[in-house]
A.B. asks: 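Here you go, one structure.
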Amino acid sequence: MMRKTSVILLSAATGAALTLFVTQPRAVFMGSSARAATADTYRQLNLFGDVFERVRSDYVEKPDDTKLIESAISGMLTGLDPHSSYMDAKSFRDMQVQTRGEFGGLGIEVTMEDGLIKVVSPIDDTPASRAGIMANDIITNLDDEAVQGLTLNQAVEKMRGPVNTKIKLKIIRKGQDNPIDVTLVRDNIRVRSVRARVEADDIAYIRITTFNEQTTEGLKKEVANLSNQIGDKLKGFIIDLRNNPGGLLEEAVTVSDSFLEKGEIVSTRGRNAEETQRRTAHAGDLTKGKPVIVLINGGSASASEIVAGALQDHKRATIVGTRSFGKGSVQTIIPLGSGNGALRLTTARYYTPSGKSIQAKGIVPDIEVLQDVPDELKSRTDTKGEASLRGHLKNDGDEKTGSQSYVPPDAKDDKALKMADDLLHGIKNSASAAPAPGSDKAAADKPKAAN
């Protein structure tokens with residue numbers, strides 16, 4: 001049975017795998033691989049079988065056969081490049097939850113502090129917010145089980161579960177003498193990937209933190225809300241993609257399409273010419289032609305780079321910040337059947353509308369703006385970039401490694417945001433501001449923009 005084909009652009013933060021996924025039927029993949037195998041390959045497979053049996057029979061402790069096989073598969077894939085890998089059944093399920101952007105849970109953003117779970121904030125209109133859970137609450141017990149000793153992921157997994165099921169939390173709250181017991185009923189929680197606010201009274205600021213199934217819907221909602229709220233004095237839009245590690249390709253395409261009337265958005269090219277696919281925009285600009293500034297940095301990868309590249313190539317937006325991560329390859333997700341996880345295999349590269357591959361190079365902003373980084377953070381605010389990953393796919397010409405990824409926590413210290421404000425207010429224009437080094441607008445005698 002042929003599975004439905006979908007394209008996913010998943011990624012993690014700095015230095016981790018940043019990947020573009022396409023789901024394909026397992027049978028087709030396995031059949032073509034078997035036909036391509038040579039007699040020498042089969043001899044090598046026999047060698048693997050001999051080693052496997054020797055380990056099973058002679059290793060100092062009895063090994064787990066499943067773990068041996070999974071480790072062998074994982075080693076084979078990770079030896080190819082940084083983005084090919086094996087996902088066991090749990091990892092595959094977690095990936096699917098992440099890309100859906102919704103799950104059965106409580107609606108709490110949490111972090112780990114001193115071995116306990118600390119509430120960052122409750123999400124509006126969720127069981128947590130309705131029950132009065134507050135930021136900085138400390139969760140000590142889940143269903144009478146102490147969280148001490150659990151990892152953050154283990155605690156989060158316990159809080160998630162089927163909709164309409166109950167869980168009891170024990171909470172320590174500053175100012176309260178005794179712990180608080182709260183029983184919550186899990187509900188369907190949607191991860192909020194789009195946040196927005198009015199900037200400087202007349203600018204619509206929209207932050208996209210990831211590309212999941214809720215992103216385009218959230219973008220449309222915020223564009224409409226801000227447009228109505230600001231009214232006729234609206235100067236334009238700032239789309240903040242800084243430190244956005246990626247997500248669903250389809251969402252990257254539809255987000256790009258939201259600002260474009262026509263033209264190619266992205267193309268993917270595999271080993272064979274017939275595998276080339278092109279995605280194009282449809283008529284209809286959500287912003288009705290208003291100016292757009294896109295903010296990127298070294299933590300902007302995959303889907304973020306597709307959006308920035310499409311809007312830059314079509315001259316629909318001015319790109320401000322620092323060079324992006326440079327993840328320009330496509331991975332195919334191959335489900336291996338119930339309970340067996342999936343393969344993630346690099347099968348193609350993707351290109352911006354101008355035909356440019358950003359693999360190991362990234363998107364160069366039209367205007368480079370470097371932030372003032374606190375001394376204690378200077379050694380931790382640059383990403384290594386795709387070009388620094390061992391075994392990465394090579395690109396023609398000079399590859400670029402590392403780019404600043406620091407975003408000041410206080411907006412008043414954010415130089416890239418200030419530059420975007422100035423551009424939209426006409427205080428500066430893209431011609432007078434210093435272009436990024438290496439861009440086609442850069443001049444050798446112009447300094448980097450730093451305000």
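All values reported here derive from a predicted model rather than from experimental measurement.
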A.B. asks: Can you give each donor-acceptor pair under 3.5 Å made by side-chain atoms of residues 219-234, sequence neighbours left out, with the distance rounded to 0.1 Å?
C.D. replies:
unit_1: Asn225; atom_1: ND2; unit_2: Lys221; atom_2: O; d: 3.4
unit_1: Ser227; atom_1: OG; unit_2: Val223; atom_2: O; d: 2.7
unit_1: Asn228; atom_1: ND2; unit_2: Ala224; atom_2: O; d: 3.2

A.B. asks: Heavy atoms, side chains only, cut-off 4.5 Å: are Asn188 and Phe103 in contact?
C.D. replies: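 No, too far: nothing below the 4.5 Å cut-off.
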A.B. asks: Quick one, Ile206 and Ile238 - any side-chain contact, counting heavy atoms below 4.5 Å?
C.D. replies: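 No, side chains not in contact.
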A.B. asks: Which pair of heavy atoms, one from Glu399 and one from Lys394, lies closest together, and at what distance?
C.D. replies: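 Minimum heavy-atom separation between Glu399 and Lys394: OE2-CA, 3.4 Å.
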A.B. asks: With side chains defined as the heavy atoms from C-beta onward, is the minimum distance between Phe211 and Ser304 less than 4.5 Å?
C.D. replies: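 Of all side-chain heavy-atom pairs linking Ser304 with Phe211, at least one is under 4.5 Å.
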A.B. asks: Report yes or no: do Ser357 and Arg349 form a side-chain donor-acceptor pair below 3.5 Å?
C.D. replies: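 Absent: no donor and acceptor within the cut-off.
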A.B. asks: On the six-membered ring of Tyr351, is Arg269 placed so that its NZ or CZ lies under 6.0 angstrom from the centre and within 45° of the ring axis?
C.D. replies: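 Judged by the rule (NZ or CZ under 6.0 Å from the ring centre, within 45° of its axis), Arg269 counts as positioned above Tyr351.
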A.B. asks: Looking only at heavy atoms, what is the nearest atom pair of Tyr86 and Leu336, with distance?
C.D. replies: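 In this case the closest contact between Tyr86 and Leu336 is CE1-CD1, 3.8 Å.
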A.B. asks: Applying side-chain hydrogen bond (donor to acceptor under 3.5 Å, both in side chains) to Asn212 and Thr210, what does each step give before you reach the verdict?
C.D. replies: CA-CA 6 Å; Asn212 60 33; Thr210 188; 5.5 Å; no
A.B. asks: What's the shortest heavy-atom distance between Asp240 and Leu295, and which atoms?
C.D. replies: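 Here Asp240 and Leu295 meet closest at OD1-CB, 3.8 Å.
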A.B. asks: Quick one: closest heavy-atom pair of Pro408 and Gln371, and the distance?
C.D. replies: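 Shortest heavy-atom contact: CG-OE1, 3.5 Å.
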A.B. asks: Could you walk me through whether Thr318 and Leu423 pass the side chain to side chain contact (heavy atoms under 4.5 Å, CB included) test, one step at a time?
C.D. replies: CA-CA 9 Å; Thr318 300; Leu423 290 169; 4.3 Å; yes
A.B. asks: Restricting to non-hydrogen atoms, name the atom on Gly391 and the atom on Pro82 that form the minimum distance, rounded to 0.1 Å.
C.D. replies: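 Between these two residues, the closest heavy atoms are O-CD, 3.4 Å.
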A.B. asks: Is a donor on one side and an acceptor on the other found under 3.5 Å between the side chain of Gln359 and the backbone of Gly328?
C.D. replies: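 Looks like yes, one N/O pair under 3.5 Å.
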A.B. asks: Give a yes/no verdict on a cation-pi contact between Arg316 and Phe259, requiring under 6.0 Å between NZ or CZ and the six-membered ring centre and an angle within 45° of the axis.
C.D. replies: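 Checked: cation-pi criterion not met.
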A.B. asks: Please report the shortest heavy-atom distance between Ala252 and Val307, naming the atom on each side.
C.D. replies: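 So the minimum-distance heavy-atom pair works out to O-CG2, 3.5 Å.
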A.B. asks: Would the distance check show the side chain of Gln154 and the main-chain N or O of Thr151 forming a donor-acceptor pair, the cut-off being under 3.5 Å?
C.D. replies: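 Indeed, once roles are kept as given, a pair shorter than 3.5 Å links the two residues.
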A.B. asks: For residues 87-97, which residue pairs qualify under salt bridge (charged side-chain N to carboxylate O under 4.0 Å, His left out), counting only residues two or more places apart or in two chains?
C.D. replies: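 Applying salt bridge (charged side-chain N to carboxylate O under 4.0 Å, His left out) to every pair that reaches into residues 87-97, excluding sequence neighbours, yields Lys90-Asp94, Lys90-Glu157.
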A.B. asks: When you check the side-chain N and O atoms of Thr209 and Ser193, is any donor under 3.5 Å from an acceptor?
C.D. replies: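 Ser193 and Thr209 do not have a side-chain donor-acceptor pair below 3.5 Å.
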A.B. asks: State, with a plain yes or no, whether a side-chain heavy atom of Leu343 is found less than 4.5 Å away from one of Ile73.
C.D. replies: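 Yes, their side chains come closer than 4.5 Å.
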A.B. asks: I'd like to know if the side chain of Ser258 and the backbone of Thr254 have a donor-acceptor N/O pair within less than 3.5 Å.
C.D. replies: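 Yes; at least one donor-acceptor contact below 3.5 Å.
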A.B. asks: Could you go through Ser84 and Thr346, starting from their C-alpha distance and side-chain angles, then the distance that decides it, and tell me whether this counts as side-chain hydrogen bond (donor to acceptor under 3.5 Å, both in side chains)?
C.D. replies: CA-CA 6 Å; Ser84 295; Thr346 299; 3.2 Å; yes
